[in-house]
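Computed over heavy atoms, backbone and side chain alike; hydrogens, waters and symmetry mates excluded.
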Amino acid sequence: NINREQKPLNDLLMKEDLGIVQMRIKDYLRILADLNMNREEGKSRSSYISSLKSDLAFTYNYSTEILDLIFDLFAPNEAVEFIEANEAQRPLTIRTNSLKTKRRDLARALIQRGVALEPVAGWTKVGLKITDSKVPIGATPEYLAGHYILQSASSFLPVMALAPQPGEKVLDMAAAPGGKTTYIAQLMKNTGFLLANDSSLER
């Protein structure tokens, strides 16, 4: 009972602590942007970076090793932007099965069912981003007929880089759960030879 009574108080304290930490993160970034002008006397850049990493670990539950890697790649402000972007909810995207339909025709059919959508970006001719829907995207007649698959836009890229051609032989060594593999087959126009394998038996 005591624990149940303490939980709302602990949650409130956690939110207040988080707010303070986020303000501190912004302050560290301000200082690091012009260290000579803003830092406390005798305090080094590395000490500010260490404190910033500590607060980021608390806020986002990142390990020290991951934060070290991120800060090796990016400047402090870019590192924080990168971490915040990772925390943002990704949009729902689908990939058109061009063996069965055209993206234009698929978009028209889904719009008629109450789906709000738009092309993912100029670099893909098969991707659609779902912004709102009155129907379950994974249960439409078009989905059940194989006209599209739910797939993150980022996983289009390895297949586009591979650029498989009809009639080729392809070995996919990380095939589960199958989105990239089926895209490879799509670009090969269901010809050639595609071996789908994965190190995880369960997947």
Side-chain angles (χ1 to χ4, degrees), residues 60 62-63 65-75 78-203:
Y60 298 103
Y62 275 40
S63 69
E65 293 78 12
I66 291 294
L67 286 170
D68 287 343
L69 177 61
I70 292 171
F71 274 77
D72 284 344
L73 294 171
F74 301 108
E78 293 173 334
V80 173
E81 288 177 6
F82 176 80
I83 292 168
E84 289 175 345
N86 285 340
E87 296 300 309
Q89 183 68 35
R90 290 183 302 171
L92 177 64
T93 56
I94 61 175
R95 172 175 54 80
T96 309
N97 182 356
S98 56
L99 298 176
K100 291 193 171 185
T101 188
K102 295 179 180 179
R103 183 172 66 170
R104 178 182 64 250
D105 296 337
L106 174 62
R108 186 182 298 117
L110 291 177
I111 289 169
Q112 289 175 352
R113 296 191 187 280
V115 180
L117 51 78
E118 59 189 48
V120 167
W123 51 264
T124 172
K125 296 179 181 179
V126 295
L128 289 168
K129 179 168 64 175
I130 309 300
T131 57
D132 192 25
S133 179
K134 297 178 181 177
V135 296
I137 295 300
T140 66
E142 290 77 19
Y143 176 80
L144 297 174
H147 289 191
Y148 67 88
I149 184 173
L150 279 70
Q151 186 175 357
S152 65
S154 61
S155 67
F156 296 0
L157 297 173
V159 181
M160 294 172 67
L162 179 64
Q165 301 300 311
E168 288 186 338
K169 295 179 181 179
V170 177
L171 170 61
D172 187 346
M173 295 292 290
K180 290 185 288 292
T181 308
T182 56
Y183 193 13
I184 291 171
Q186 178 178 321
L187 294 182
M188 292 169 64
K189 302 186 186 301
N190 281 344
T191 65
F193 180 81
L194 173 57
L195 177 58
N197 197 4
D198 196 272
S199 60
S200 173
L201 182 62
E202 292 180 0
R203 298 187 76 191

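Rounding to the nearest 0.5 Å places CG of L99 at 11.0 Å from NE2 of H147. The distance from the CG atom of L194 to the NZ atom of K169 is 13.0 Å, given to the nearest 0.5 Å. Atom CG of L110 sits about 8.0 Å away from atom OG of S133, to the nearest 0.5 Å. Here K102 contributes atom NZ and N97 contributes atom CG; the two are 14.0 Å apart, rounded to the nearest 0.5 Å. The distance from atom OG of S63 to atom CG of D68, rounded to the nearest 0.5 Å, is 8.0 Å. One finds the CD atom of Q151 at 7.0 Å from the NZ atom of K180 (value rounded to the nearest 0.5 Å).
Under the 4.5 Å side-chain criterion, counting only non-hydrogen atoms from C-beta, F193 is not in contact with V170. By the 4.5 Å heavy-atom criterion applied to side chains, T131 and E118 are counted as neighbours. Taking the side chain as every heavy atom from C-beta outward, I149 and Y183 never approach each other to under 4.5 Å. At a threshold of 4.5 Å between non-hydrogen side-chain atoms, the residues K125 and S98 do not count as touching.
Using modelled atom types, one side-chain atom of E168 and one backbone atom of Q165 make a donor-acceptor pair closer than 3.5 Å. Although no hydrogens or angles enter the test, the distance criterion places a donor-acceptor pair under 3.5 Å between the side chain of Q186 and the main chain of T96. In this structure a side-chain-to-backbone donor-acceptor pair under 3.5 Å is missing from N197 to M173. A donor-acceptor pair is defined here as one N or O able to donate and one able to accept, closer than 3.5 Å; no such pair exists between the side chain of D132 and the backbone of A116. In this structure a side-chain-to-backbone donor-acceptor pair under 3.5 Å is present from K100 to A145.
Nearest heavy atom pair, residue T93 against residue S152, reads OG1-CA, 3.3 Å. A79 approaches F74 most closely through the heavy-atom pair N-CB, 3.6 Å. Shown here for G167 and T191, the closest heavy-atom pair between the two residues is N-OG1, 2.8 Å. Considering every non-hydrogen atom in both G127 and R103, the closest pair reads O-NH1, 3.0 Å.
A side chain to side chain contact (heavy atoms under 4.5 Å, CB included) with I94 holds for exactly one of L106, V115, L117; it is L106. Evaluated for a side chain to side chain contact (heavy atoms under 4.5 Å, CB included) with R95, the options L128, V126, T124, L150 yield exactly one hit, V126.
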- Task: Evaluate side chain to side chain contact (heavy atoms under 4.5 Å, CB included) for I83 paired with Y60, printing each intermediate quantity in order.
- Result: CA-CA 8 Å; I83 292 168; Y60 298 103; 3.6 Å; yes

- Starting from the C-alpha separation in whole Å, work towards a yes-or-no answer on side chain to side chain contact (heavy atoms under 4.5 Å, CB included) for I137 and Y148. CA-CA 10 Å; I137 295 300; Y148 67 88; 3.9 Å; yes

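Residues passing the side-chain hydrogen bond (donor to acceptor under 3.5 Å, both in side chains) test with T181, sequence neighbours excluded: D172.
Salt-bridge check for R108 with D105: passed, with a basic side-chain N closer than 4.0 Å to an acidic carboxylate O.
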